[in-house]
Each structure stands twice: as C-alpha cells, then as structure tokens.
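Working notes for the structure below.
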Amino acid sequence: MGDKVTLTIIKADVGSIAGHHIVHPDQLAAATKILAEAKQKGLIIDFYVTNVGDDLQLIMTHTKGTDDPSIHGLAWDAFHAAAKVARELKLYAAGQDLLSEAFSGNVRGLGPGVAELEMEERASEPIVTFHADKTEPGAFNLPIFRIFADPFNTAGLVIDPKMHDGFVFEVYDVFEGRSVLMKSPEEMYDVLALIGTTGRYVIRRVYRKSDNLLAAVVSVERLNLIAGKYVGKDDPVAIVRTQHGLPAVGEVLEAFAFPHLVAGWMRGSHYGPLMPVPLRYAKVTRFDGPPRVIALGWNINKGRLIGPVDLFDDVAYDETRRQAQLIAEYMRRHGPFMPHRLGPEEMEYTTLPDVLQKLKDRFVKAEDAYKVIKKHSETL
Ligand code: F6R
Ligand code: MG
Ligand code: MG
C-alpha cells in the first residue's frame with residue numbers, strides 16, 4: 001500500500017438486453033453489490049458503476065497501484081456476477097468478454113479493457129474519463145493528439161508556460177505488443193505518421209514533457225487479436241488529467257466537437273462518426289450505433305470519487321451530434337461498400353473467403369471471359 005492513488009477503469013461486455021445495445025439495470029446492480037462490499041472491506045476507496053451501450057464500466061480508486069491482482073480479481077468477480085444475471089435473464093451474448101474461465105491475477109489479455117492511472121494527487125485533481133462503444137482504442141488517437149499536441153485545439157500549448165514544452169506520447173503497436181515514446185512538438189509529424197493507422201498504432205499514454213507527469217492513459221486491448229478471432233468489439237476507455245499546467249477540461253472536450261470517423265460500427269465492420277452523448281443517450285440503436293462516447297468529469301479527493309458530471313450533457317454539443325447524424329446518414333447510404341464497410345483485412349465478420357472458395361474454379365483469364373458468356377448464350 002502506497003500513498004499514491006490509482007484510478008482503475010475496467011470494462012467488459014458481459015451481455016446486453018435486446019441485442020448488443022444496452023446493459024440491463026440488474027447487471028449494474030449485481031456489479032455494484034460486489035464493489036460496495038469491497039469498499040466496505042477497504043480493498044477499494046471508492047467506485048462508480050455505469051455503462052455505455054453494451055459495455056459495463058467499473059470505475060475504481062485504491063492505493064494498490066496498477067495491475068494489482070486483488071483489484072483485477074475484484075473486477076473479474078463483478079463481471080462474473082453481471083454475466084450470471086445476464087444468463088439468468090437470458091440476455092444477449094451473456095459473458096461474451098470473459099474469454100477465460102480461469103482468472104490468473106490480471107485481466108489484461110483475458111478480454112476486458114483496462115485503463116489505469118497511478119497518481120500523486122495534486123492539490124485539486126480534476127479528471128475526465130471517456131467511455132466509448134462500437135469502436136476501438138485507435139478511435140481516441142485523433143482527439144488525444146489534438147488535446148496534447150494541436151495548438152488550434154489547446155490554447156494552453158501556446159500560452160500556458162507549464163505546457164509550452166509539449167508532451168511525450170507512448171504509441172503502442174497492437175500487433176507487436178511494443179511501444180515507442182515520441183516527443184511533441186519535435187516529432188509531431190512522425191507521431192502522426194504512425195497514429196493515422198488507427199487499427200494498429202494506438203496512443204497508450206501521454207506524459208508532460210517538463211516533469212514526466214502522467215497525463216493520460218487509453219485502454220489498448222483488442223479482443224479480436226486476443227482471441228485470435230472476432231469475439232466482440234474492443235470498445236475503449238480513456239483517463240485524462242486536466243487543468244493547472246495540463247489541458248483545461250474545455251480543451252479536452254473541444255477535441256470531441258468534431259465527430260470523426262471511427263471503425264467499429266455494425267458487426268465491428270463499418271466506419272461511422274463518433275458521437276459525443278450524455279449518459280441518457282449512451283445506448284446504440286441505429287444500425288447498432290452510431291459509435292458513441294460519454295465523458296465523465298471527476299475530482300479525486302484522497303481517492304474519493306467526487307462526481308461524476310455528465311460532460312457532454314450540454315447544448316454546446318448539439319451541433320456536433322447533428323453533424324454526426326448527417327455523417328451517419330451519408331455513410332449508411334454506401335451500404336456494403338467501402339469506405340463505409342472496413343477493408344477486408346479489418347472486418348470482424350466476413351464471407352469473403354467462402355465466396356472466393358465457391359468461385360475459385362469459375363475465375364478465368366480476363367480475355368477469356370467472353371467465351372464464358374458466349375457458351376452461356378448458346379445454351380439459352
Ligand atoms: C456488438 C456489435 C454488434 C454485433 C451485431 C451482430 O458489440 O457491435 O453490431 O456485431 O449485432 O451480432 P450477432 O452476430 O451476435 O448477432
Ligand atoms: Mg457487444
Ligand atoms: Mg460494446
């Protein structure tokens with residue numbers, strides 16, 4: 001047990017009511033009961049349970065540091081309790097993200113997504129947590145880059161002396177499981193060269209360059225790679241510390257005013273706009289989407305979670321939501337065509353190998369194709 005406080009968010013899709021669109025209240029209650037008991041025993045300082053779409057979100061504070069087996073085990077128990085409810089109610093996809101029955105001390109690699117930030121609490125510690133559904137960790141690349149590296153988003157990069165040196169990005173290669181640390185603004189173009197490939201290179205952590213203060217963490221689990229096959233979307237979460245030498249809450253949220261296209265809509269196989277929504281709209285109904293993100297505002301007080309405030313519950317985001325609707329409509333008109341549909345190597349549902357197999361003997365040299373149609377017309 002150290003003095004430092006760790007904010008741990010662990011999320012999983014363990015079943016949802018009426019398709020993949022929203023967690024059932026009884027599942028939230030089951031997870032809450034487990035965490036409330038752990039709080040009473042002193043294992044965690046505080047907690048909050050919520051959901052975005054079909055993803056159950058456990059937000060916990062404690063003093064045990066990151067990757068602690070007792071904290072991860074607690075989350076595992078809470079997910080199992082919620083999955084049990086899902087099975088009892090015969091909800092859809094009950095327990096889908098609990099890929100292994102045997103818990104081995106750490107949920108990383110098992111299925112649930114994890115973002116953990118250990119901190120020396122500042123005099124006041126304002127934090128924003130982001131929770132998205134129907135997308136992937138790389139969906140946060142664009143907004144996190146803009147928050148910490150784009151002066152057209154974050155005025156403080158230009159006019160706050162404490163931020164003026166810039167930030168360091170840890171960029172994680174989800175295929176190789178390796179990271180590279182890169183400085184901004186010096187290496188900004190190199191950072192962008194990597195993180196533009198959102199399905200592979202993901203911003204995992206951000207540090208303030210002047211003192212290495214850890215400013216942001218993103219969950220990087222990709223379920224489809226963990227399981228070796230598609231088993232559910234790897235819907236991400238992120239933690240961002242704010243203010244007093246870090247981007248202001250308003251600068252952090254500003255990066256979500258543009259509803260950029262992200263991968264993960266319907267069957268994890270389509271691009272759609274990321275729509276910032278209040279909690280009451282954190283359910284996905286149109287074509288299982290469009291992809292959504294909520295933002296919760298907190299103050300951490302000796303580990304206590306003060307909050308949340310539902311930050312996108314603001315008319316200032318109405319226009320972003322309206323734009324997202326227009327973009328959603330525009331993308332949907334493409335039906336099964338790229339670039340609405342993902343490229344063949346990224347789709348999580350596909351019939352392409354089967355179709356190619358079925359047609360393999362019917363492919364002919366292009367210049368011989370007329371013979372096939374000639375033969376066909378002779379048989380008419
Ligand atoms: C799940 C998701 C959904 C499902 C779709 C098909 O998080 O993104 O779009 O992929 O509803 O689901 P199944 O194959 O379970 O019927
Ligand atoms: Mg799901
Ligand atoms: Mg989901």
Side-chain angles (χ1 to χ4, degrees), residues 2-11 35 39 44-52 55 57-66 68 71 75 113-132 137 139-140 143-148 153-154 156-157 160 162-163 167-170 203-208 211-220 236-256 276-279 282 293-314 317:
D3 290 327
K4 289 185 179 172
V5 168
T6 301
L7 174 60
T8 294
I9 305 178
I10 308 188
K11 47 102 348 210
L35 298 196
K39 179 175 170 179
I44 52 176
I45 302 171
D46 210 350
F47 73 93
Y48 190 79
V49 174
T50 189
N51 74 288
V52 54
D55 290 288
Q57 311 276 336
L58 310 178
I59 303 162
M60 300 172 282
T61 49
H62 54 92
T63 53
K64 296 188 174 300
T66 58
D68 183 81
I71 300 299
V114 188
E116 295 189 283
L117 194 149
E118 187 176 26
M119 67 191 102
E120 204 86 71
E121 250 186 49
R122 296 173 293 162
S124 178
E125 190 59 70
I127 284 188
V128 180
T129 61
F130 293 97
H131 313 254
F140 284 130
I144 295 280
F145 176 84
R146 296 198 65 207
I147 292 164
F148 292 103
N153 182 86
T154 301
L157 293 167
D160 181 345
K162 292 210 198 74
M163 254 197 277
F167 289 87
V168 175
F169 290 91
E170 178 190 333
I203 298 173
R204 184 180 200 177
R205 295 191 184 92
V206 183
Y207 300 87
R208 183 164 59 190
D211 58 359
N212 285 341
L213 179 126
L214 180 56
V217 179
V218 176
S219 65
V220 295
V237 293
I239 303 171
V240 182
R241 294 169 89 179
T242 70
Q243 306 287 157
H244 199 69
L246 291 172
V249 169
E251 290 168 330
V252 170
L253 299 178
E254 174 65 10
F256 290 84
V277 291
L279 277 163
V293 60
I294 57 166
L296 301 180
W298 310 91
N299 260 104
I300 314 287
N301 173 16
K302 299 183 193 72
R304 267 182 65 207
L305 285 166
I306 313 301
V309 275
D310 189 0
L311 292 166
F312 288 139
D313 189 8
D314 182 351
Y317 282 85

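Numbering of residues begins at 1 and proceeds along the displayed sequence.
Using a distance-only test at 3.5 Å, with no hydrogens or angles considered, no donor-acceptor pair links the side chain of Gln57 to the main chain of Val49. Between the side chain of Thr61 and the main chain of Asp46, a donor-acceptor pair closer than 3.5 Å is present. When atom types are taken as modelled, the side chain of Arg205 and the backbone of Val168 share no donor-acceptor pair closer than 3.5 angstrom. Without hydrogens or angle criteria, Glu254 side chain to Glu251 main chain gives no donor-acceptor distance under 3.5 Å. Between the Glu170 side chain and the Ile203 main chain, no donor and acceptor come within less than 3.5 Å of each other. At distances below 3.5 Å, at least one donor-acceptor pair connects side-chain atoms of Asp68 with backbone N or O atoms of Ile71. The backbone N or O of Val114 sits nowhere less than 3.5 Å from a side-chain atom of Ser219 that would complete a donor-acceptor pair. No donor-acceptor pair under 3.5 Å is formed between the side chain of Glu116 and the backbone N or O of Thr6.
Salt bridge annotation for Glu125-Arg241: present, with a cationic side-chain nitrogen under 4.0 angstrom from a carboxylate oxygen.
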* Given side-chain hydrogen bond (donor to acceptor under 3.5 Å, both in side chains), test Thr63 with Asp3 step by step and report yes or no. => CA-CA 7 Å; Thr63 53; Asp3 290 327; over 6 Å; no
* **Stepwise side chain to side chain contact (heavy atoms under 4.5 Å, CB included) test for Tyr317 and Leu311** => CA-CA 10 Å; Tyr317 282 85; Leu311 292 166; over 6 Å; no
* Asked: Going through the distances and angles, do Tyr207 and Phe169 end up as a side chain to side chain contact (heavy atoms under 4.5 Å, CB included)?
  -> CA-CA 7 Å; Tyr207 300 87; Phe169 290 91; over 6 Å; no
* To do: Take Thr50 and His131 through the side-chain hydrogen bond (donor to acceptor under 3.5 Å, both in side chains) test and state the conclusion after the steps.
  => CA-CA 10 Å; Thr50 189; His131 313 254; over 6 Å; no
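Here the side chains of Leu296 and Ile59 are in contact, with some heavy-atom distance below 4.5 Å. Using a 4.5 Å cut-off on side-chain heavy atoms (C-beta onward), Ile300 and Ile306 make no contact. For the pair Leu246 and Met163, the minimum side-chain heavy-atom distance is 4.5 Å or more. Contact of the Val252 side chain with the Thr154 side chain is not registered, since no non-hydrogen atoms from C-beta on lie closer than 4.5 Å. The side-chain heavy atoms of Pro247 and Gln243, taken from C-beta on, include no pair separated by under 4.5 Å. Taking the side chain as every heavy atom from C-beta outward, Ile127 and Met119 approach each other to under 4.5 Å. By the 4.5 Å heavy-atom criterion applied to side chains, Leu157 and Phe167 are counted as neighbours. Within the 4.5 Å cutoff, side-chain heavy atoms of Pro278 are placed close to those of Asp310.
Side-chain atoms of Thr66 and Glu118 form no donor-acceptor pair, as typed in the model, at a separation below 3.5 Å.
Separation of the Phe256 and Phe130 ring centroids falls under the 6.0 Å cut-off.
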